[in-house]
Amino acid sequence: MYPPGGSRGAGRVAALPQAVVYREVRVNRGVYGLALAALLAPWALALWLSLSAPQPALALSFLVRGYAGMGGVQLYQVAVAGLFGIGVVAHDRWQGGLVDVLEGPVRRRDLWLAKAGVGALVVLAASAAVAAAMVAAGVATGLGGMVGGVLLTTSSRVGAQLAMFALALALGGAMAPAYAFAATLVCAALPALLGSLVATLFVPLSYAYGPLPAAGPPLPVRWALDLSTFLPSLSPLAPLGGLWLPLAAHAAWFLACTLGLVALGLRWWEAAPYERLRDAFFHPVLWGVYRLFLALATGFVAYVVIARGTGRGVAFAVTYGLLSFLAWLGWGAWWRRRGAAGGREA
């Protein structure tokens with residue numbers, strides 16, 4: 001059995017052992033197959049319906065234009081990628097004996113990187129198949145000039161899917177699956193939540209919902225408006241139509257997020273004490289983070305009930321902060337009474 005962070009000390013980068021990759025594919029082959037089918041299904045159905053239409057060439061041209069024009073099922077694909085990242089850890093915990101395997105000669109690093117590598121290959125294979133079908137349909141219908149647009153859209157789509165998969169996998173290596181699922185949703189939506197917070201605090205109600213004056217909003221309000229609409233585009237959950245930067249820039253952003261999340265997730269996974277790998281949270285500090293989230297959510301609900309609305313400006317920030325602080329104290333007292341501060345098995 002390896003000690004906490006047992007795969008540390010391997011100062012060199014080596015190829016993953018074939019036995020570890022084979023075990024990963026064998027244990028999670030159903031999860032990988034289901035994820036691949038789910039990622040391909042909408043586009044396979046769209047292609048079949050287009051080819052079955054009275055005018056197949058026209059239907060295919062609409063499909064290609066919609067894909068290259070940033071339409072389609074971006075949110076669906078990203079959601080599948082997130083569930084996929086949770087699934088490769090959850091299924092291994094429940095069916096593959098993930099924790100027990102670490103008592104043998106298998107290194108934590110190899111086990112986790114096998115999941116990241118095979119999972120990324122599945123996402124890339126599905127995206128490449130869809131892109132190839134769109135390029136072929138475009139060439140066949142005389143839209144060869146849209147090949148560049150198809151490839152750019154694909155780069156952003158696959159980047160968002162990889163980032164979501166890496167986020168879910170990283171959280172799955174730090175907490176039990178049910179908590180990882182909730183944390184993935186919150187973290188993926190965090191840019192949109194921050195954008196909403198900026199709008200709430202710094203954009204007056206008249207500018208948020210009413211017509212803008214001819215002279216335009218003051219500079220600070222304009223910056224707040226721009227920031228509140230830009231931040232959500234940094235989330236993999238943002239529809240492609242809501243992106244601010246060029247598609248290539250978003251693809252680069254999502255790729256950087258993917259690499260960072262893979263490194264962070266591996267660090268969390270290696271540092272988790274072995275005796276806590278069956279707990280709800282593998283690191284004690286995560287109980288505090290979960291408590292903070294509960295306090296913020298409880299404070300917001302309390303504010304809506306008390307104020308009968310969401311409010312705006314400094315008064316909202318002060319009241320919401322006070323209610324959240326009281327909720328923080330309340331959840332802490334409840335936790336101590338229940339004896340849950342040390343974590344529990346999940």
Side-chain angles (χ1 to χ4, degrees), residues 1-36 80-123 164-184 187 261-287 289-290 338-346:
M1 179 180 70
Y2 285 94
S7 62
R8 291 182 181 181
R12 59 187 180 84
V13 177
L16 290 176
Q18 290 185 357
V20 176
V21 178
Y22 172 79
R23 177 203 174 273
E24 176 60 30
V25 174
R26 184 174 182 276
V27 169
N28 279 326
R29 59 185 182 274
V31 177
Y32 290 124
L34 182 61
L36 183 63
V80 169
L83 291 173
F84 179 31
I86 298 293
V88 293
V89 178
H91 185 263
D92 203 344
R93 277 174 63 102
W94 295 331
Q95 301 293 331
L98 175 64
V99 179
D100 296 332
V101 169
L102 297 176
E103 294 183 351
V106 178
R107 299 194 311 169
R108 287 196 192 187
R109 173 180 294 268
D110 293 338
L111 198 65
W112 199 88
L113 288 179
K115 296 181 185 299
V118 178
L121 286 177
V122 169
V123 172
M164 192 68 170
F165 171 77
L167 173 62
L169 186 63
L171 293 171
M175 60 191 74
Y179 292 94
F181 175 79
T184 299
C187 292
L261 288 167
V262 167
L264 182 62
L266 179 58
R267 182 177 179 181
W268 284 346
W269 173 243
E270 289 190 289
Y274 179 84
E275 62 272 12
R276 295 188 63 92
L277 291 181
R278 288 185 172 87
D279 290 349
F281 296 103
F282 305 163
H283 302 275
V285 69
L286 291 178
W287 282 104
V289 176
Y290 184 61
R338 292 293 298 254
R344 63 179 58 176
E345 188 170 326

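Computed from a predicted model, the values in this text were never measured in an experiment.
Partner of D92 under the salt bridge (Lys or Arg N to Asp or Glu O under 4.0 Å) criterion, chosen from R29, K115, R26: K115.
Minimum interatomic distance between V122 and A35 (heavy atoms only, all atoms of both residues): CG1-CB, 4.5 Å. In plain terms, the two heavy atoms of F165 and A116 that are nearest each other are CE2-O, 3.9 Å. Of all the heavy atoms in A166 and V262, the pair that sits closest is CB-CG2, 4.1 Å. Closest approach of L171 to A183, counting heavy atoms only: CD1-C, 3.6 Å. The heavy-atom pair separating A174 from L286 by the smallest distance is O-CD1, 3.3 Å. When every heavy atom of L277 is checked against every heavy atom of W269, the shortest pair comes out as CD2-CZ3, 4.1 Å.
Using a 30° and 60° split on the angle between ring planes, W287 and F281 fall in the perpendicular class, above 60°. Ring geometry, F84 versus Y32: the interplanar angle exceeds 60°, so the pair is classed perpendicular (tilted spans 30 to 60°).
Atoms CH2 and CH2, on W112 and W268 in that order, are 9.5 Å from each other to the nearest 0.5 Å. For the atom pair CG (L264) and CG (L167), the distance works out to 9.5 Å, reported to the nearest 0.5 Å. With values rounded to the nearest 0.5 angstrom, L169 atom CG is found 9.5 Å from L261 atom CG. A distance of 11.5 Å separates CG of L111 from CD of E270, quoted to the nearest 0.5 Å.
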Does the pair V99 and Y274 meet the rule for a side-chain contact (heavy atoms from CB on, under 4.5 Å), with working shown? CA-CA 8 Å; V99 179; Y274 179 84; 3.8 Å; yes

Please determine whether side-chain contact (heavy atoms from CB on, under 4.5 Å) holds for the pair V80 and M164, giving the CA-CA distance in whole Å, both sets of side-chain angles, and the decisive distance to 0.1 Å. CA-CA 9 Å; V80 169; M164 192 68 170; over 6 Å; no

Would you please test R107 and V20 for side-chain contact (heavy atoms from CB on, under 4.5 Å) and show each step? CA-CA 9 Å; R107 299 194 311 169; V20 176; over 6 Å; no

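Put simply, the side chain of R23 does not reach to within 4.5 Å of the side chain of V106, judged on heavy atoms.
At most 12 non-hydrogen atoms from other residues, nucleotides or ligands lie less than 6.0 angstrom from CZ of F181.
The backbone N or O of A272 lies less than 3.5 Å from a partner atom in the side chain of R108, making a donor-acceptor pair.
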